[in-house]
Amino acid sequence: MKKSLIAMAVLAAAAGSASAQSSVTVFGIVDVAVRHVDGDGTTKTLLSSGGLSTGRIGFRGIEDLGGGLKAGFWLESQVNADDGTQPQARFWHRRATVSLISDSLGEVRLGRDFAPTYSAFADYDAFGDNGVAAFTAMYKPRTVSGTTPQTAVRDDNQVSYILPTTLGGIYGQASVAAGEGTKGSKYYGGRIGYKTGPFDVSAAYGQTELASSDDKYKLFVVGGSYDFGVAKILAAYQEAKYDVGVASIDGLKDKLLTVGATVPVGAFVIRASYDQVKADDDKNAKRLSLGGIYNLSKRTAFYGTYSVIDNDDAGTFVVADSPAVAAGKKSQGVEVGVRHSF
Amino acid sequence: MKKSLIAMAVLAAAAGSASAQSSVTVFGIVDVAVRHVDGDGTTKTLLSSGGLSTGRIGFRGIEDLGGGLKAGFWLESQVNADDGTQPQARFWHRRATVSLISDSLGEVRLGRDFAPTYSAFADYDAFGDNGVAAFTAMYKPRTVSGTTPQTAVRDDNQVSYILPTTLGGIYGQASVAAGEGTKGSKYYGGRIGYKTGPFDVSAAYGQTELASSDDKYKLFVVGGSYDFGVAKILAAYQEAKYDVGVASIDGLKDKLLTVGATVPVGAFVIRASYDQVKADDDKNAKRLSLGGIYNLSKRTAFYGTYSVIDNDDAGTFVVADSPAVAAGKKSQGVEVGVRHSF
Amino acid sequence: MKKSLIAMAVLAAAAGSASAQSSVTVFGIVDVAVRHVDGDGTTKTLLSSGGLSTGRIGFRGIEDLGGGLKAGFWLESQVNADDGTQPQARFWHRRATVSLISDSLGEVRLGRDFAPTYSAFADYDAFGDNGVAAFTAMYKPRTVSGTTPQTAVRDDNQVSYILPTTLGGIYGQASVAAGEGTKGSKYYGGRIGYKTGPFDVSAAYGQTELASSDDKYKLFVVGGSYDFGVAKILAAYQEAKYDVGVASIDGLKDKLLTVGATVPVGAFVIRASYDQVKADDDKNAKRLSLGGIYNLSKRTAFYGTYSVIDNDDAGTFVVADSPAVAAGKKSQGVEVGVRHSF
């Protein structure tokens with residue numbers, strides 16, 4: 001994604017004045033695909049959005065305050081170009097943050113943003129949680145006493161501290177999200193990782209308060225990737241545990257594994273992944289995903305993806321937009337689309 | 001409408017680097033008028049939006065991929081500046097598309113966009129379907145078994161192929177919109193035209209599936225214009241036909257005709273049109289519209305418009321914002337406003 | 001707030017052409033704080049937005065039409081970065097206007113904008129109506145026969161005439177807002193002031209029609225400020241009067257006073273204010289607010305604010321986000337945050 005700098009550079013060049021700080025970058029993605037899904041024999045063909053990357057439009061900027069200190073903001077809204085909707089309750093659903101960044105001490109970031117436990121899995125998914133292969137199709141936090149964790153992907157009211165990039169490859173983030181009376185929103189979590197050359201590994205832990213402070217949703221995540229050049233291998237594992245007052249769910253664990261690879265072949269990238277979800281209550285499934293990307297340019301790509309979820313036992317997982325299936329049945333989807341970044 | 005280019009040109013000029021592809025254009029219209037309407041003697045005075053052109057803000061861009069191939073996106077939202085609303089269910093109501101464009105082979109466009117049957121009429125309306133003279137006041141698709149066509153103006157989930165501009169004046173578009181389970185949304189349609197010098201003519205056909213696949217809303221449209229220099233003459237005719245299972249509506253036809261002219265006089269443009277709607281169930285009306293535009297600049301204009309609908313028989317059509325009228329009664333409106341483009 | 005000019009300057013510099021008119025400025029504020037509030041002993045800690053200035057994103061521009069005439073537009077949306085919401089019913093809640101501006105004759109502005117009676121108070125509030133010290137916490141128009149004035153801050157459908165800046169320090173605005181059938185929205189008001197060097201004073205009057213044309217909400221406002229250099233002193237007073245058909249409210253007056261000061265100390269600004277509300281029905285309160293701003297740059301600031309409302313008699317006023325309190329009880333809040341402008 002090359003971004004369009006609407007920048008102080010402009011002021012500087014054009015008006016001949018202006019300090020070097022002022023800048024707004026307008027950026028975004030429009031991604032539309034033709035998708036065909038099959039839930040145990042019931043099929044549907046539709047136009048969909050976000051098969052390769054979620055559609056979005058955003059505004060962001062960084063101000064250099066001098067002395068290694070920067071301030072920044074980031075506002076990002078989801079765009080479903082298939083039907084022109086902004087489909088979320090929050091207009092700036094994807095991100096709304098203000099940051100203070102010290103080159104040596106790290107970043108303090110306030111606002112709505114990804115939970116570190118989410119990124120710690122998604123960063124190692126070969127399909128980046130998008131389209132018919134999106135891993136969140138098999139990542140379903142459970143409802144306990146009427147409360148579902150609101151922190152599976154992003155958090156409102158989050159205060160994060162992010163390590164500086166000067167620690168010899170060590171990176172990390174610690175986050176706290178205020179509940180503000182919304183059940184399932186009070187969260188703390190963190191992630192620590194190490195990245196050097198082709199190697200990247202990280203671990204994360206997060207805990208969300210559910211209906212009462214006695215009900216906890218706990219998430220442990222580890223992941224890693226290695227770029228061999230001819231191929232990049234990725235893997236991630238997460239375990240969600242419910243320490244809650246409801247006996248039938250208390251102690252229950254949901255385990256999710258992904259193993260994948262991306263293989264660049266000139267302007268092509270081949271992607272593949274195998275996912276497996278295993279729960280203490282037998283809501284289990286296996287999944288195979290296969291896809292290709294053809295980059296017309298840095299900003300524009302064609303892509304195609306196929307994914308099949310093979311439910312075991314009590315599993316009823318389905319790919320995006322698939323009709324629901326009975327326990328143990330298959331759901332699959334295929335899509336071909338175009339992604340354009342700006 | 002001169003657009004503000006927030007462009008790679010900027011990067012190129014200012015940063016001295018950058019490939020020639022990156023560009024986002026921010027564009028829009030703010031159009032507010034004082035409107036007075038009269039529905040058979042009941043009057044109302046209000047501030048309104050979009051009297052000359054619908055208020056909007058949009059973001060769009062074109063990337064040159066080389067070899068005569070381009071990629072582009074277009075996101076456009078409605079703005080009613082009178083009350084600060086974005087009045088539509090879809091934020092990017094006006095357009096949300098991604099395109100691949102070949103100079104020689106044409107364009108494939110995916111997303112929410114105008115239906116070709118709509119453009120084939122609107123392009124030949126002297127008032128461009130805006131304000132108190134908007135022709136859609138007399139273009140009311142009927143509800144059959146609880147379903148109203150959703151395709152009268154724009155379509156969600158539309159895949160369009162648009163002919164290239166290299167065919168010696170022949171232009172055209174073929175479109176398919178996926179229904180995706182929303183009744184009244186499954187559509188296919190096309191338009192073919194010929195434009196050379198002052199002469200432009202086109203025809204279009206579209207078909208929408210209503211409550212069931214047995215219920216069809218069919219639209220035939222022809223239109224043309226000729227620019228004599230001292231005046232441009234425009235005319236369009238459309239016939240909507242209901243091939244449906246409901247006996248009282250089956251076979252019913254709604255016919256709409258517009259004949260108009262625009263006359264430039266220096267910075268002024270005089271506009272006039274006569275419209276007539278005639279239905280098999282006597283929901284009939286005649287209409288006269290008269291208006292003037294004074295262009296302060298290419299981007300800013302004053303305007304005034306008057307329109308009167310004279311309902312016949314069972315007709316109950318009214319101009320925008322007019323109080324409802326009984327069958328056969330008159331509705332009229334007048335407005336003066338300012339339109340500013342950016 | 002330094003604004004990012006996405007401007008004709010750009011076109012001119014980059015494309016080497018373009019008239020001098022085209023320009024869109026993208027601007028905004030992201031402001032997030034940690035806020036702690038206490039309503040008579042019940043406390044709450046939260047992340048909040050707009051402690052120093054309301055979060056926003058906007059688009060605006062001015063076109064020079066020549067001969068001292070300009071056209072302009074302004075679209076501004078609220079952004080609550082703590083949770084990524086645009087929290088208002090109107091997307092362009094903060095402002096949506098089109099203007100024609102004559103250097104010598106003044107400005108005509110159409111659309112949604114501040115009511116002049118609001119600005120005439122807010123301009124002299126040391127805390128600018130933001131955060132835990134926001135004066136509107138004590139500025140509650142009453143509901144009469146089911147109708148609350150919609151004009152306390154901004155008006156839909158407003159036509160304003162604003163005096164030119166060439167009158168030797170005299171400034172002023174007259175506004176009319178069409179009711180358009182929404183009760184509590186029909187408004188007229190005006191403000192006249194005089195500003196020279198360190199001295200600024202103004203007075204305003206506005207009247208809103210409530211449930212019927214017999215029910216009037218009338219607002220009288222006076223305010224002024226004097227900048228001594230070492231400190232700026234501000235004061236404002238407003239009286240809301242209900243001339244209505246409901247006997248229990250008819251003739252009732254709500255009086256609000258603020259006296260404040262801002263003291264610059266290098267990059268710091270100290271702010272303090274004392275507010276008092278006094279009503280004929282004993283809904284009374286006093287308030288003390290104290291705060292500091294540390295400007296890291298022109299665009300980025302840290303701030304902290306404390307405010308306590310001491311209700312008297314029947315008063316139940318609370319600071320923003322505070323739990324409700326019983327009559328006569330205290331509400332207080334403190335916040336520390338960061339504001340970043342772009």
So, taking the atom named [atom1] in [X] and the one named [atom2] in [Y], what distance separates them when rounded to the nearest 0.5 Å?
X	Y	atom1	atom2	answer
N157(B)	T45(A)	CG	OG1	12.0 Å
K298(A)	E63(B)	NZ	CD	11.0 Å
K70(B)	S297(A)	NZ	OG	13.5 Å
D83(A)	T182(B)	CG	OG1	9.0 Å
D82(A)	D156(B)	CG	CG	7.5 Å

- prompt: So which of E76(B), R112(B), R154(B) has the largest heavy-atom pair count under 4.5 angstrom toward chain A?
  reply: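 Winner by heavy-atom pair count: R112(B).
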Where is the tightest heavy-atom contact between [X] and [Y], given as atom of each residue plus distance?
X	Y	value
G84(A)	A96(B)	CA-CB, 3.6 Å
A178(B)	L47(A)	CB-N, 4.3 Å
G72(B)	H340(A)	C-CD2, 4.0 Å

- request: Mark yes when over 12 heavy atoms from residues, nucleotides or ligands other than K140(A) sit less than 6.0 Å from its NZ; otherwise mark no.
  value: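 Check passes, neighbour count above 12.
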- prompt: If you count the non-hydrogen atoms of other residues, nucleotides and ligands that lie under 6.0 Å from NZ in K330(A), is the total more than 12?
  reply: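 Count not over threshold, so no.
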task: Look at the rings of F59(A) and F59(B) and say which category their plane angle falls in: under 30° parallel, 30 to 60° tilted, over 60° perpendicular.
output: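 Correct class here is perpendicular.
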task: Go through L100(B) and L296(A) one step at a time and tell me if the side-chain contact (heavy atoms from CB on, under 4.5 Å) criterion holds.
output: CA-CA 11 Å; L100(B) 278 163; L296(A) 285 164; 4.0 Å; yes
- prompt: So what's closer than 4.5 Å to chain A heavy atoms on Q88(B): side chain, backbone, both or neither?
  reply: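 When you check distances to chain A, no heavy atom of Q88(B) falls under 4.5 Å.
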- request: With I57(A) as reference, evaluate W92(B), F91(B), F73(B) under the side chain to side chain contact (heavy atoms under 4.5 Å, CB included) test and give the passing residue.
  value: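 Running side chain to side chain contact (heavy atoms under 4.5 Å, CB included) over W92(B), F91(B), F73(B) with I57(A) returns exactly one hit, W92(B).
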